[in-house]
Amino acid sequence: LLLRVLSKAKASARSASCKNHLRQMGMALKMYVYDHQNKYPHYLGPAGPSYGDVTGQGGRAVGLIYWSSKLFPYCALSWTNTAYHCPGYKGKLKGPYLRGSIERLGSYAHNAAGVRTDDRANENFGLGPVVFWKSALESYVPAVSEAQVSVPSEMLAIGDSLMKVDMEGASDFWRCGGPFSSDLAASPYVLRHGKNHNQLYCDGHVSAMSPSILFDPSKTALLWNFDHQPHSELWKP
């Protein structure tokens with residue numbers, strides 16, 4: 001009984017620390033937006049200082065800067081610093097990884113693509129994917145502005161990344177749905193602090209939700225897309 005109580009207390013402390021990290025990141029995100037024509041950073045955007053962070057590698061991604069580096073002037077911890085991450089995260093911190101992917105592994109993720117459970121989908125309703133990605137209209141996906149976010153209090157910005165059993169780490173490229181196309185689809189989520197994951201919203205508040213709900217587009221699609229629409233056409237059949 002005592003062990004269960006201690007376990008819950010530790011989980012609660014980790015969650016509180018995680019939420020504090022996200023609140024600081026939320027303030028940094030707001031300051032970045034105010035300093036950049038009221039636009040959110042791309043997941044991987046225009047070149048600039050990396051502040052010791054890993055930069056994009058391969059093809060057009062060379063030298064491009066990850067979203068976390070964009071926040072560094074306002075929240076001076078680099079992605080490689082363990083103090084930046086959720087204390088309950090036990091996966092690896094590294095990147096880019098896997099077949100030259102531009103994604104990194106870590107505890108927090110940027111809402112880059114919104115609801116997009118199919119890797120072949122080329123529409124993005126998150127805060128901004130890779131700067132050179134194109135939409136269905138073959139135009140480059142621009143940075144999302146504050147004005148485009150229909151309901152800031154119900155729009156996810158940054159949060160605990162998706163990780164399942166047997167994964168070496170969690171991707172910092174956040175979207176609703178993956179990994180749906182692999183054997184991991186039915187695997188249980190790795191929980192970090194109790195039964196819930198923590199999320200930062202565009203208005204700056206932090207909340208918690210079960211990952212089984214958070215990553216289910218039938219339940220949370222509106223929270224992932226800046227136009228507050230479900231876009232069920234992007235859900236995998």
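All heavy atoms count here, side chains included; hydrogens, waters and symmetry mates do not.
Shown here are the side-chain contact (heavy atoms from CB on, under 4.5 Å) partners of Asp203, two or more places apart in sequence or in another chain: Pro152, Ser153, Tyr201, His205. Residues that satisfy the ring pair (Phe, Tyr, Trp, His ring centres under 6.0 Å) test with His36, not counting sequence neighbours, are Tyr32.
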Asn111 vs Arg175, test: side chain to side chain donor-acceptor pair (under 3.5 Å). Steps then yes/no. CA-CA 6 Å; Asn111 183 6; Arg175 59 174 177 161; over 6 Å; no
Pair Ser145-Val33, side-chain contact (heavy atoms from CB on, under 4.5 Å): steps then yes or no: CA-CA 8 Å; Ser145 69; Val33 169; over 6 Å; no
Between Ser207 and Gln199, does a side chain to side chain donor-acceptor pair (under 3.5 Å) hold up when you go through it step by step? CA-CA 5 Å; Ser207 186; Gln199 307 91 43; 4.9 Å; no
One pair to check against side-chain contact (heavy atoms from CB on, under 4.5 Å): Cys176 and Trp235. What are the steps and the verdict? CA-CA 9 Å; Cys176 183; Trp235 303 2; over 6 Å; no
Apply side-chain contact (heavy atoms from CB on, under 4.5 Å) to residues Leu29 and Leu71 and explain how you reach the verdict. CA-CA 6 Å; Leu29 183 63; Leu71 302 186; 4.0 Å; yes
Checking side-chain contact (heavy atoms from CB on, under 4.5 Å) for the pair Phe125/Leu234: CA distance, chi angles, key distance, verdict? CA-CA 10 Å; Phe125 293 93; Leu234 298 180; 4.0 Å; yes
Take Thr80 and Asp53, measure what side chain to side chain donor-acceptor pair (under 3.5 Å) needs, and give me the verdict at the end. CA-CA 7 Å; Thr80 54; Asp53 201 354; 5.9 Å; no
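In this structure the side chain of Phe72 never reaches within 4.5 angstrom of the side chain of Ser50, judged on heavy atoms. Residues Leu22 and Cys86 fail the side-chain proximity criterion, which asks for heavy atoms closer than 4.5 Å. Residues Glu146 and Tyr40 have side chains in contact (heavy-atom distance under 4.5 Å, counting atoms from C-beta outward). Residues Met167 and Val190 have side chains not in contact (no heavy-atom distance under 4.5 Å, counting atoms from C-beta outward). A heavy-atom distance below 4.5 Å is found between the side chains of Leu64 and Val131.
Remark: Phe132 CZ to His42 NE2 distance equals 10.5 Å, nearest 0.5 Å. Taken to the nearest 0.5 Å, the NZ atom of Lys195 stands 10.5 Å off from the OG atom of Ser212. One distance of note links CD of Glu154 with NE2 of His228; it measures 4.0 Å at 0.5 Å rounding. Met155 CE to Asp227 CG: the interatomic distance, rounded to the nearest 0.5 Å, is 8.5 Å. Atom CG of Leu156 sits about 9.0 Å away from atom CG of Leu127, to the nearest 0.5 Å. Here the CG atom belonging to Leu77 is positioned 10.0 Å from the CE atom belonging to Met25, to the nearest 0.5 angstrom.
No more than 12 heavy atoms of other residues, nucleotides or ligands lie within 6.0 Å of NZ in Lys39, so this atom counts as exposed by the packing criterion.
A pairwise comparison of heavy atoms in Pro49 and Ser69 identifies O-CB, 4.0 Å as the closest pair. Closest of all the heavy-atom pairs between Cys18 and Asn198 is SG-ND2, 3.3 Å. The minimum heavy-atom distance between Ala208 and Asn196, with the atom names listed, is CB-CB, 3.9 Å. Shown here for Val144 and Gly126, the closest heavy-atom pair between the two residues is CG2-O, 3.4 Å. Between Ser171 and Ala109, the shortest heavy-atom distance links the atoms O-CB, 3.8 Å. Taking both residues in full, the closest heavy atoms of Thr220 and Leu214 are given as OG1-O, 2.7 Å, listed atom of the first, atom of the second, then distance.
Note: Tyr43 and Tyr66 meet the aromatic proximity criterion, with ring centroids under 6.0 Å apart.
A parallel orientation is assigned to the rings of Phe215 and Tyr189, their planes being inclined by less than 30° (bins at 30° and 60°). Ring planes of His85 and Tyr108: parallel class, angle under 30° (limits at 30 and 60°).
A donor-acceptor contact closer than 3.5 angstrom is absent between the side chains of Asp172 and Trp79. A donor-acceptor contact closer than 3.5 angstrom is absent between the side chains of His231 and Gln229. In this structure, a donor-acceptor pair under 3.5 Å is absent between the side chains of Arg192 and Ser15. A donor and an acceptor atom, one from each side chain of Asp160 and His193, are located under 3.5 Å apart.
Side-chain heavy atoms closer than 4.5 Å link hydrophobic residues (I, L, V, M, F, W, Y) into clusters, and following such links, even through other members, never connects Val54 to Tyr51. Both Trp67 and Tyr140 belong to a single network of hydrophobic side chains, linked directly or stepwise wherever heavy atoms of I, L, V, M, F, W or Y lie under 4.5 Å apart. Under the 4.5 Å side-chain contact rule for hydrophobic residues, Val115 and Leu222 do not share a cluster. Put simply, Val151 and Phe226 are part of two different groups of oily side chains (I, L, V, M, F, W, Y) that touch within less than 4.5 Å, one to the next. Under the 4.5 Å side-chain heavy-atom criterion for ILVMFWY residues, no single connected hydrophobic cluster contains both Ile158 and Tyr34.
A distance-only check finds a donor-acceptor pair linking the side chain of Ser161 to the backbone of Gly106 [under 3.5 Å].
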